Amino acid sequence: MRYWLMKSEPDAFSIDDLERVGREPWDGIRNYQARNYMRDEMEIGDLAFFYHSNAKPTGIAGIMRIASHAYPDPTALDPDAKYYDPKSKPERPRWYLVDVEFVRKFKRIITLAELRLHQELDGMPLLRKGNRLSIMPVAAEHWDLILGLE
DNA sequence: GCCAACGTTGGC
DNA sequence: GCCAACGTTGGC
């Protein structure tokens with residue numbers, strides 16, 4: 001069982017939206033590294049931080065659970081969808097997603113600025129300069145430390 | 001196969 | 001809204 005961090009812009013889909021629907025396909029990922037994590041490494045039951053990007057403030061808003069194995073992202077195959085990719089074909093899908101389930105919302109956002117204050121978190125990919133990856137692994141010790149901040 | 005141009009992400 | 005970082009595309 002592994003830990004992850006997954007970004008979403010709350011204007012598009014927030015932790016409150018996930019709480020309302022309970023379960024949601026994490027669609028629209030169009031980055032190979034992020035796709036590979038979902039397709040090749042995620043397992044049902046893994047836990048993930050729900051991270052609000054491009055938000056006020058940016059930071060970790062809660063926890064969700066990986067609820068399915070990876071399957072082809074239907075929005076890549078639908079010409080009318082925002083994330084349509086003509087290079088993805090039903091017989092050879094290029095993009096994959098997993099379903100996620102709401103677990104809980106934090107009492108407060110643990111902000112990016114606050115995470116940067118903790119030297120123990122220096123190795124986190126999230127905090128690396130220039131990082132733009134929207135899905136990334138979280139080390140168990142980092143996961144535990146962040147939970148302690150809430 | 002190189003690499004410049006371009007587009008996107010995402011913090012600020 | 002700005003802009004740094006970086007992934008992708010496409011001409012050669």
Side-chain angles (χ1 to χ4, degrees), chain A residues 2-21 24-42 46-66 70-139 141-150:
Chain A
R2 297 186 63 182
Y3 298 108
W4 303 95
L5 181 144
M6 300 167 79
K7 295 180 184 174
S8 177
E9 300 195 10
D11 287 348
F13 189 75
S14 70
I15 187 92
D16 293 322
D17 294 324
L18 182 61
E19 180 168 24
R20 192 170 334 112
V21 298
E24 179 78 1
W26 201 262
D27 60 18
I29 298 299
R30 299 292 179 267
N31 169 280
Y32 289 105
Q33 201 176 346
R35 177 205 67 182
N36 292 347
Y37 282 136
M38 288 197 291
R39 191 189 58 184
D40 305 334
E41 301 197 33
M42 279 186 182
D46 285 358
L47 295 176
F49 286 134
F50 192 128
Y51 180 90
H52 282 180
S53 62
N54 263 316
K56 289 177 188 172
T58 63
I60 299 170
I63 298 176
M64 54 195 174
R65 183 186 300 109
I66 307 306
Y71 59 95
D73 185 340
T75 67
L77 303 170
D78 174 2
D80 295 326
K82 182 182 173 191
Y83 297 110
Y84 175 59
D85 179 356
K87 292 175 187 157
S88 190
K89 300 289 180 194
E91 63 276 14
R92 206 166 196 290
R94 172 175 298 211
W95 304 113
Y96 285 75
L97 53 71
V98 297
D99 290 352
V100 297
E101 277 174 357
F102 178 79
V103 174
R104 70 184 180 90
K105 179 181 172 179
F106 286 166
K107 293 190 282 287
R108 62 183 188 90
I109 302 271
I110 300 173
T111 66
L112 179 63
E114 182 179 352
L115 296 174
R116 289 195 193 284
L117 296 176
H118 294 270
Q119 282 188 348
E120 309 93 308
L121 299 176
D122 276 354
M124 280 191 87
L126 177 70
L127 305 182
R128 263 210 310 268
K129 190 180 177 187
N131 170 65
R132 296 183 314 174
L133 200 56
S134 59
I135 296 178
M136 63 194 88
V138 176
E141 59 268 30
H142 293 162
W143 179 274
D144 292 340
L145 190 146
I146 291 167
L147 285 184
L149 299 178
E150 185 190 4

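Letters go in sequence order (proteins before strands), and every chain restarts at 1. Please read all numbers here as calculations on a predicted model, not as lab measurements.
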Filtered N/O pairs between nucleotides 6-12 of chain B and protein, under 3.5 Å:
residue, atom, partner, partner atom, Å
dT8(B), O2, Arg132(A), NH1, 2.6
dT9(B), O3', Arg132(A), O, 3.4
dG10(B), OP1, Lys7(A), NZ, 3.2
dG10(B), OP1, Arg132(A), O, 2.6
dG11(B), OP1, Tyr51(A), OH, 2.8
dG11(B), OP2, Asn54(A), N, 3.0
dG11(B), N7, Asn54(A), OD1, 3.3

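Taking a pair as Watson-Crick or G-U wobble with both distances under 3.5 Å, DNA chain B forms stems of 3 or more consecutive pairs at B:1-12 with C:1-12.
A search for salt bridge (charged side-chain N to carboxylate O under 4.0 Å, His left out) contacts involving Arg128(A) returns nothing, not counting sequence neighbours.
In summary, the aromatic rings of Phe49(A) and Trp4(A) are positioned with their centroids too far apart to meet the 6.0 Å limit. Note: Trp26(A) and Tyr96(A) fail the aromatic proximity criterion, with ring centroids not under 6.0 Å apart. Residues Tyr71(A) and Trp95(A) place their aromatic rings such that the two centres sit no closer than 6.0 Å.
Leu115(A) pairs with exactly one of Leu145(A), Thr58(A), Ile146(A) by the side-chain contact (heavy atoms from CB on, under 4.5 Å) rule, that one being Ile146(A).
For Asp46(A) and Arg65(A), the salt-bridge test fails: no basic side-chain N is under 4.0 Å from an acidic carboxylate O.
Between the Thr111(A) side chain and the Pro57(A) main chain, no donor and acceptor come within less than 3.5 Å of each other.
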